[in-house]
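One structure below.
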Amino acid sequence: MKIHEYQSKEIFSRYSIPVTNETVCYTADEVVAATTKFGLPVVVKAQVLTGGRGKAGGVKLARTIEEAREAAEKILGMDIKGYTVEKVLVAEGVKFNSEFYVGLTIDRNSKSVIFMASSEGGVEIEEVAKENPDAIHKFVIDPDLGMTSFVARKIAFKLFNDFSLVKQAVDLFQKLYQIFLDTDASLVEINPLVVTDAGNLLALDGKMNFDDNALYRQPAIEALNEPDEDEKKEIAAKDSGLTYIRLDGNIGCMVNGAGLAMASMDVIKYFGGNPANFLDIGGSSSPQKVIDAMNLLMSDKNVKVIMINIFGGITRCDDVARGLVTALDQMKVDIPIVIRLSGTNAEEGLRIISEKNLPIVNSLSEAAKEAIRLVNN
Amino acid sequence: MKIHEYQSKEIFSRYSIPVTNETVCYTADEVVAATTKFGLPVVVKAQVLTGGRGKAGGVKLARTIEEAREAAEKILGMDIKGYTVEKVLVAEGVKFNSEFYVGLTIDRNSKSVIFMASSEGGVEIEEVAKENPDAIHKFVIDPDLGMTSFVARKIAFKLFNDFSLVKQAVDLFQKLYQIFLDTDASLVEINPLVVTDAGNLLALDGKMNFDDNALYRQPAIEALNEPDEDEKKEIAAKDSGLTYIRLDGNIGCMVNGAGLAMASMDVIKYFGGNPANFLDIGGSSSPQKVIDAMNLLMSDKNVKVIMINIFGGITRCDDVARGLVTALDQMKVDIPIVIRLSGTNAEEGLRIISEKNLPIVNSLSEAAKEAIRLVNN
Amino acid sequence: MSILINKSTKLVVQGITGRDGSFHTGKMKAYGTNVVAGVSPGKGGQTVHDIPVFNTVEDAVKATGANTSVIFVPAPLAGDAILEAADAGVELVICISEGVPTLDMVKATSYLKKKGVKLIGANCPGLITPEESMIGILPGNIFKKGNVGLMSRSGTLTYLMVSLLTSAGLGQSTCVGIGGDPVAGLYYQELLQMFEDDPETEAIVLIGEIGGDAEERAAQYIKDHITKPVVAFIAGQTAPPGKRMGHAGAIISSGSGTAAEKIAAFESIGVPVARLPIELPELVKKRLAERK
Amino acid sequence: MSILINKSTKLVVQGITGRDGSFHTGKMKAYGTNVVAGVSPGKGGQTVHDIPVFNTVEDAVKATGANTSVIFVPAPLAGDAILEAADAGVELVICISEGVPTLDMVKATSYLKKKGVKLIGANCPGLITPEESMIGILPGNIFKKGNVGLMSRSGTLTYLMVSLLTSAGLGQSTCVGIGGDPVAGLYYQELLQMFEDDPETEAIVLIGEIGGDAEERAAQYIKDHITKPVVAFIAGQTAPPGKRMGHAGAIISSGSGTAAEKIAAFESIGVPVARLPIELPELVKKRLAERK
């Protein structure tokens, strides 16, 4: 789960990490009022849950009230990578003399939180990673130790020579780590972290992502979620125990297991078809899940054929079959269905399904080919 | 540092550990008022910073208002092991059907916090430890894990069969451990922890001690300290970097290092003398410490002779000598002083001291014998 | 021989009284796995499929000598269950539970490393040494004893691959589902080394997917340490970037973690990669034949 | 030979710019200890007694190859300093600082165990291998090279004992002050074993004090594992119960931890205990003579 810059910085503020004076605005008038309050110059920044807003023109410096209004009018309503800008952040302009990058995320290899720091702040860190990887210092945080003073100091000395900045950084790094733990984050980033002309560290921008698996114990974070239309569908699916991602093809897929679902998409594409979605009905299925999945597939008007590929393990084929039979009894399904069932309780599943007279195929390749044949009819 | 039962239970309450309804009272009238508020019966308990109040008659059950007043009048002002009872705790009487012991302390051998639990609650745990050591379950808490649910559950299943009690206990044990960490405790004890007739766990008594070395970061705990007269002197000494314990002899001792100070007392006793105190001026001495130490020794009217035994290491003998010379210049010292100096900068120290014409001896045994000879003169 | 589990494995099931735990305990027992105990706090003394249930893993291990644990508890309790198993002295823990918070896994993997206890998962289907022991939720009937070692980040995709191998006459030494979470227990490198050291394993199948760089690291490890033939498959060749494909790990971000990169990493060191699942058995046979 | 430190020990001093750190660095250097670096955050680039100062222990170790660290920082910072030393890769850490919170030591000792790093202290005077290396605050001139290994919970009492040994012609292989705090690094058992294994050590002196049961455990360990002669001394024979005698450890509670119990524990296994410090050298000589 992602949140906006201003929400991240509100969390930073709660931990006494210094951020710019700023306020979120929904209209140009609000932007003008905020500008008047803060004094000139200000920076007007699009708040959208995607990257690359700078390149898209979503960040503007305003040196006059008129410029602030103009910036607000241009940015509000702007489309950035398919996201419409509905609010902007107006932040007091700050004079600074250097920019740094700091970020915390999970490192798969060390199985720990990793702290990244770079003197090349203010640009996209992915670019730094490609062009000058040595400029990014990485520190694996031992989970038993946490961000103790010496670890924070080790990092801080990589960025700063001035001991006053080192001391500020130690405090800031410890707080960032605490935020990471307290909120079950998957990413906490300040880019840029600047040194103001007055010699203080300040978070000019902020970014946080969260571990979806931990949201159940983070109600305050979950309350910040602003899903778009596709995501709402995905969330509703997740509430039913399904993982759904809408794509732009016409073969609706219902598969159990993420890997098999991806492989099923790959096979469809390999034979020239186009999957309409990724849909993993997960393990531990109940008949209700299959009914929900069928409803989800049928709600996409692009879907011309449904391909069901189940390999039973924790999922029982008989549960899937029962769910499918019930779904077909309850709802009008006027498009063809191709089914492949194997694994746990497959025989029982096939027996149940046989009453509905649906086409049953024996391999994934066959299923894909049959689905493609049907969609092309 | 120790605190009273009622203070411990206030801390428990802050962590939502269930304790009896209770209030601390300073007069018999207050006790009567509290009794009226809670309803009968109540228990009136002496609040003193020493053990054994039960055996001394400092805990009484009152079934009538008159009994409550009588109990208050008897207990308030009572002397328990040299401590005068200045306040009592009036606690609502509770019906319970079993008593347990739980306690957390530091285990030197595992270098960890250790959790002790026993079904034989309500009696002195030291007695259980002697008579039936197997009745005390001990669990070393891995500092990297803390009191995770499974650890708390393992302990709880040793005490309870009823799963409802196990669940209450898991919650309570986790809170106790958190209290231990949060307050830098050295001991947290509930004895007895009772199961009420309603089937709930309840802390009937509570005890907490704290790590003196950590008080600097526990101002709220330090504020609870109620030192007696001797302890006030010890605390004042500690503020000067001295460790002072008053004893009942007449040979004032000034030594650097706890081990050497104890050994010096042992040697004095061995030769038939009586040390007036334990006084460790510690490492890293400054001349001022020695001046403070001399003031401390001279404030005890029992002291008839002063024996100084310094073996320089981190303590420099010249610092001690300078402090002693200054002290002798500033204050009237009308009792004899015996001095032994060796180790770091001993020669310089002896040179400085030589101007004062004090008796210098070469060994601890000699020093002790000389001090005893002088006190017997 | 085989890796990790065999006939002498004595299994304790954490969460044995739950719907899934109970169901799959029955399946495991029916397969021939030596399930000696179950754990469910507060239900000690009961039995499930004639298997005694204990309140704690410690009690279960003391009473039965269990040396391996499989976990079926709900995700919020899974991290603690892993710690409990390791504390109780088992040698191997398999966590089936899906949706375990990442920071819980960070704590668990750190503790297990300290204790020297091996972990598989979380969010994995388990593992099987065919005709000896099956632990987890694998459909036993598709596996067959043989000489192919298999490891996979996926569950059901593994079943598909295994059924193709078995149909083609290629039995398996041990098959391990390592799970799809960002922080998990044993990973490709450790398992590659175990298969390399296992005399019964003659070829290794590695099934990967998009996201992260585990496959690239595995390729490097194979180059440096593995002499046995390896064949790979990568799921998600057509997945769009920025979308998380079910597994927490299966996300392509910032132009890294793509199937193309992973396939290139394997092929550059001579590890063939099947484009369709159905191609896999032939590639394995070819590599085995080349070797002889 | 000797234990823990010798001529090849390369020392880094944490807190070298403080009053005590600087003073004792001078003393250590004068004794011949190979002090290669100092650490004081924010003072990197300076020198103290011609020794280069670094901002972090890691920098110091990288630049100088230091393998041992001694800590002179204020107590509230000492726990972190121990962790920093261990993280930077030294093999042995000696913490002189007094008054370190117990829970900081719990965390530090746990981490050092995981890292395989040895710790002496906190709240200890350090250790010395006479005429090779002195680390800490020991007055070097009282020590003399020889064959008695000594360990003590006390600081200055150790100096007294050593000066008595030296005067009696009994030199020392290594003398270690283990510190008087409730949670500390190396304890009697580990050091007893090191002295047992050290060919240069012929007799062992153990100086204990009231409080805890470390001496009783040491007696048990001697009985089970130590073949060399051991002589003991216990401070606090006349200390009143319930009063903490300076050392956090030195408290007699509930009738346990008394000097009488400890003396009895040693004497019951044939380890003689000196009643007066001055008796110690003769007991050592007698035990050495008995052995030959």
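Proteins come first, then strands; the chains are lettered A, B, ... in the order of their sequence lines, and each starts at number 1.
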Sort [X] into side chain, backbone, both or neither according to what part of it lies under 4.5 angstrom from a heavy atom of chain A.
X       : answer
I234(C) : backbone
I142(C) : side chain
Y111(C) : neither
K27(C)  : side chain
P277(C) : side chain
T102(C) : both
S163(C) : side chain
A214(C) : neither

In terms of relative ring orientation, are F72(C) and H24(C) parallel, tilted or perpendicular, with 30° and 60° separating the classes?
parallel
Would you say the side chain of [Y] lies within less than 4.5 Å of the side chain of [X], judging by non-hydrogen atoms?
X       : Y       : result
Y177(A) : V151(A) : no
C124(C) : I178(C) : no
V113(A) : L103(C) : yes

Answer yes or no: are there more than 12 heavy-atom neighbours, outside D248(A) itself, under 6.0 Å from its atom CG?
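Check fails, neighbour count at 12 or below.
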If you draw a 6.0 Å radius around CD in E267(C), do more than 12 non-hydrogen atoms from other residues or ligands fall strictly inside?
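Enclosed.
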Taking every non-hydrogen pair under 4.5 Å, which of K113(C), Q189(C), R217(C), K107(C) racks up the most with chain A?
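Among the listed options, the one with the most contacts to chain A is R217(C).
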Based on non-hydrogen pairs under 4.5 Å, which of V183(C), V106(C), L276(C), N141(C) is most in contact with chain A?
L276(C)
Report which part of [X] has an atom under 4.5 Å of a heavy atom belonging to chain C: side chain, backbone, both, or neither.
X       : value
I268(A) : neither
F271(A) : side chain
A261(A) : neither
Y244(A) : neither

Look up atom CG in L187(A) and atom CG in D211(A), then write down how far apart they are to the nearest 0.5 Å.
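Taking CG in L187(A) and CG in D211(A), the distance rounds to 12.5 Å.
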To the nearest 0.5 Å, what is the distance between CG (L112(C)) and CD1 (I82(C))?
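Here the interatomic distance stands at 7.0 Å.
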Quick one: which of D144(A), L242(A), L181(A), N109(A) has the most heavy-atom pairs under 4.5 Å with chain C, could you say?
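Max contact count across the listed options: N109(A).
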Charged N to carboxylate O below 4.0 Å: is that the case for K2(A) and E189(A)?
no
Going by an N to O cut-off under 4.0 Å, is there a salt bridge joining E215(C) and R153(C)?
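The answer is yes: the pair qualifies as a salt bridge.
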